Amino acid sequence: GNSVTQMEGPVTLSEEAFLTINCTYTATGYPSLFWYVQYPGEGLQLLLKATKADDKGSNKGFEATYRKETTSFHLEKGSVQVSDSAVYFCALRRGGGATNKLIFGTGTLLAVQP
Amino acid sequence: GAVVSQHPSWVICKSGTSVKIECRSLDFQATTMFWYRQFPKQSLMLMATSNEGSKATYEQGVEKDKFLINHASLTLSTLTVTSAHPEDSSFYICSAREPGGANTGELFFGEGSRLTVL
């Protein structure tokens, strides 16, 4: 079946450190891949996405590249800030159409210290 | 971006009672809303898909008589947990999709509602 595996958190970094949150997936066909972020007290927000192999999604300094050969979509940021502290969810959507179902990973808590 | 709001954000109830959670799209009309459930340190699990004016579609293993979903208008969907028991304690999250958003993959999420059943 379809599934998403994320690295367990929490991830604790100092400000300006490099961030990587690993995400791998299992799916048939060619899913679309997403990263969502949930800031404290808020709902999930789409951070970035990629819809086909080798696509790179980017937003707010975060990047992730759709790697079909390794079935991965790792999230990276070169220099994190305290304001990046949040829970990050990797997700996939297989196929299109009306259902638009997303399958989520378990989420990774990122804590950035000043 | 579009805003989705849930109410209440947290609720505590006694075992055997029913609890209703509301999900509203504040600045757009949502023809489709989704309800998720999240246990601690686990991923969001899709419970059901609700379409305005029609019956909800439940995922396998979700009791439709236990989790009643109503999507009576384009801006409101409700989830009612009937005869709640402690094992129903969880974090419930709704999301909504704008009309025409079927192929973009972007959903707008509420803040979540934490239910604790004593």
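Small disclaimer: the values here were computed from a predicted structure and weren't measured. Quick note on labels: first sequence line is chain A, next is B, and so on, each numbered from 1.
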Would you indicate whether the side-chain heavy atoms of B:L46 and A:L102 approach each other to under 4.5 Å? no
Any A:L46 side-chain heavy atom under 4.5 Å of B:L107 side chain: no
A quick test of your reading: do over 12 heavy atoms of other residues, nucleotides or ligands sit less than 6.0 Å from NZ of B:K20? no
Got a sec: does the CE of A:M7 have more than 12 other heavy atoms crowding it under 6.0 Å? yes
Find the distance between CD1 (B:I93) and CZ (A:F104) and round it off to the nearest 0.5 Å. 8.0 Å
For A:E8, is it the side chain, the backbone, both, or neither that has a heavy atom closer than 4.5 Å to a heavy atom of chain B? neither
Minimal heavy-atom distance between B:E111 and A:Q38, with the atoms involved, is O-NE2, 4.2 Å
Please check if atom NE2 in B:H85 has more than 12 non-hydrogen atoms from other residues, nucleotides or ligands closer than 6.0 Å. yes
Only one of A:V4, A:T106, A:T5 forms a side chain to side chain contact (heavy atoms under 4.5 Å, CB included) with B:S43, so which one is it? A:T106
Kindly compute the distance separating CD (A:Q45) from CZ (B:F108), expressed to the nearest 0.5 Å. 10.0 Å
Just wondering, more than 12 heavy atoms not from B:K55 lying within 6.0 Å of its NZ? no
Measure the spacing between CD of B:Q38 and CZ of A:F89 and express it to the nearest 0.5 Å. 4.5 Å
Does CD in A:E69 sit with more than 12 non-hydrogen atoms of other residues, nucleotides or ligands closer than 6.0 Å? yes
